Amino acid sequence: MNITEIQDLIKFVAKSGVNEVQIEHKEFKITIKSDISVKRGRAAAAKALELEVQQMQATMPIIPMAGAPQITAPVAVQAEEPEQDSHLIEIKSPMIGTFYRRPSPDKDSFMEVGQQVNIGDTVCVIEAMKLFNEIESEVSGKIVKILVDDNSPVEYDQPLFLVEPA
Amino acid sequence: MFKKILIANRGEIALRVIRTCKEMGIKTVAVYSTADAESLHVRFADEAVCVGPPQSAKSYLNIPAIISAAEITNADAIHPGYGFLSENANFSRICRENDIKFIGASPEMIDSMGDKASAKNTMKAAGVPCIPGSVGILDNYEDAVACALEVGYPVMLKATAGGGGKGMQLCNDEEELADGWESARREAMACFGNDGMYMEKFIVEPRHIEIQIAGDQNGKVCHMSERDCSIQRRHQKLVEETPSPYMTDDLREKMGQAAIIAGEAVRYEGVGTVEFLVDAHRDFYFMEMNTRIQVEHTITEEVIDYDLVKEQVKLAYGESISGRNYYPKMHSIQCRINAEDPARNFAPCPGMITNYHQPGGHGIRIDTHVYSGYMIPPHYDSMISKLIVTAQSRDEAITKMSRALDEYIIEGVKTTIPFHQRLMQNEKFRSGNFTTKFLEEETI
């Protein structure tokens with residue numbers, strides 16, 4: 001496997017949302033783990049995972065390799081977050097609606113990765129029935145990851161941000 | 001036809017609606033509170049979104065959350081089930097404003113039928129028999145006496161702002177009326193700050209018999225015969241059956257026609273129910289109109305062989321009704337199984353169902369959302385299952401219900417199954433000769 005193929009494989013795994021993939025081939029064995037699990041709504045996550053596994057199995061042979069690769073172990077999914085994330089706090093959505101990162105299309109995002117957030121700071125806007133609700137943080141710390149794309153639907157209790165507490 | 005319907009409800013009725021939608025090729029969206037994440041309706045729907053925490057006010061009654069859920073899933077219609085927002089005129093209006101079809105009554109219809117006094121006036125004007133009584137509020141004591149003489153004793157003095165049995169007085173003669181006039185008004189003023197009173201003839205030991213109707217947008221209404229719901233505890237129905245053991249062909253014709261007149265008078269669209277009280281002379285009086293699908297719609301479905309939820313969806317889409325009335329071909333009985341302890345005054349018993357096995361066989365239908373290992377949450381009502389049996393005759397239906405109840409295993413929580421088993425053996429129930437007073441007077 002050349003370096004480009006390995007890079008493509010890594011990008012594919014990262015995009016799929018799967019946490020860990022192991023591939024065994026007579027010439028090599030490769031394990032790819034993504035570092036932070038991406039949480040989604042329960043039903044969506046279960047369906048998405050099924051879909052990714054099917055996609056993975058369908059598309060794997062397309063990556064050119066020396067021989068036919070055998071995926072010996074089924075895709076291993078970590079149910080828990082990797083250990084290093086257990087101290088991070090989630091900011092969860094207090095309502096169902098559409099998540100926006102910025103107050104309006106022409107303005108900057110409320111929060112970026114690495115930014116300091118204090119209790120009471122507005123982290124995002126969630127829109128429901130044409131009403132825009134500013135969501136305030138209940139924790140202080142540093143934004144480590146933004147879990148939802150701009151302009152996408154979110155459910156009640158869905159994790160939006162991961163914060164390293166101060 | 002609608003492409004996607006969001007079901008704004010939970011439990012067995014959510015599942016009921018999802019099943020019909022699937023048969024119609026319509027995609028389904030379930031909404032759920034965090035307490036219902038493991039519920040069956042969530043699993044059976046094509047999509048499911050969490051709308052709030054366990055409290056109903058913040059989830060199933062949370063209008064912005066429900067509308068938002070419909071927005072993000074692109075649902076083109078909402079089915080509200082029964083209870084919750086099904087007869088909330090505001091919700092019906094907001095659906096309309098947001099271009100989402102509310103599978104139920106229009107806001108104007110809900111408003112007009114929800115106000116009991118105005119509903120009664122509308123019915124009276126249309127020629128539907130109503131409980132005789134005063135026209136509006138009584139002006140003074142003399143007015144009360146005159147009214148009582150006109151309608152005939154016994155009479156009920158009722159507070160216009162009243163509720164929960166407060167500010168009501170039964171008066172058997174003029175002497176009791178004199179006392180009642182003072183005491184009821186005092187109680188009404190104390191409880192509601194308003195001592196306005198009206199009067200209704202007291203219907204002695206009535207039967208609660210309701211007529212199922214369906215109406216389309218062309219103003220045509222038809223009926224699907226009656227359901228007898230007289231077996232009630234504290235105004236909560238426990239057992240329903242059709243046909244009513246008290247019914248005659250003649251009475252059914254009269255009540256069916258009255259229900260059609262009621263529906264057409266208000267240009268009712270959708271499926272609904274007109275509730276009547278029937279007295280010992282087989283005189284019937286309009287009580288109220290329910291502008292939603294009911295818990296006991298099931299027994300009507302079984303005896304006329306008809307999917308009422310499918311009819312609801314089709315009518316909401318603008319289709320026309322067949323134009324026929326429907327009459328029961330069989331006898332059907334429904335027992336509502338609640339997670340309550342009959343031995344402790346029907347105290348609710350939420351908790352884990354450790355073992356569940358439901359009855360089967362010919363003529364058995366179960367509408368339920370529970371399963372073995374299901375945790376009944378404490379936040380919602382206690383009904384966990386509806387056991388419906390259908391047979392050729394009433395006696396056979398009762399025998400079949402007994403047999404089915406004997407097979408029904410629900411362990412881990414107390415249920416009303418033993419109560420229903422005893423009820424099926426009760427002589428008075430078996431005789432078919434009972435009124436709404438039945439459970440007050442009989443010990444089951």
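Every chain is numbered from 1, with letters handed out A, B, ... down the list of sequences. Not measured: the values here are computed from a predicted model. Below, each value reflects all heavy atoms present in this structure, side chains not excepted, and no hydrogens, waters or symmetry copies.
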Is the closest side-chain heavy-atom distance between [X] and [Y] below 4.5 Å?
X: Pro350(B); Y: Tyr380(B); answer: no
X: Arg365(B); Y: Glu301(B); answer: yes
X: Cys124(A); Y: Phe161(A); answer: yes
X: Leu147(A); Y: Leu160(A); answer: no

If you count heavy atoms of other groups shown closer than 6.0 angstrom to [atom1] of [X], is the number above 12?
X: Tyr317(B); atom1: OH; value: no
X: Glu138(A); atom1: CD; value: no
X: Lys386(B); atom1: NZ; value: yes

Less than 3.5 Å apart, any donor N or O on the side chain of [X] or [Y] sitting next to an acceptor on the other?
X: Thr73(B); Y: Glu47(B); result: no
X: Ser59(B); Y: Tyr156(A); result: no
X: Tyr408(B); Y: Thr415(B); result: no

Under 4.5 Å, heavy atom to heavy atom: which of residues 3-26 of chain B reach chain A? Give them by number, or say none.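 From residues 3-26 of chain B, none sit under 4.5 Å of chain A.
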
Using only non-hydrogen atoms and a strict under-4.5 angstrom cutoff, which residues of residues 75-109 of chain B touch chain A? Ile94(B), Asn98(B)

Region of Met129(A) that comes under 4.5 Å of a non-hydrogen atom in chain B: both

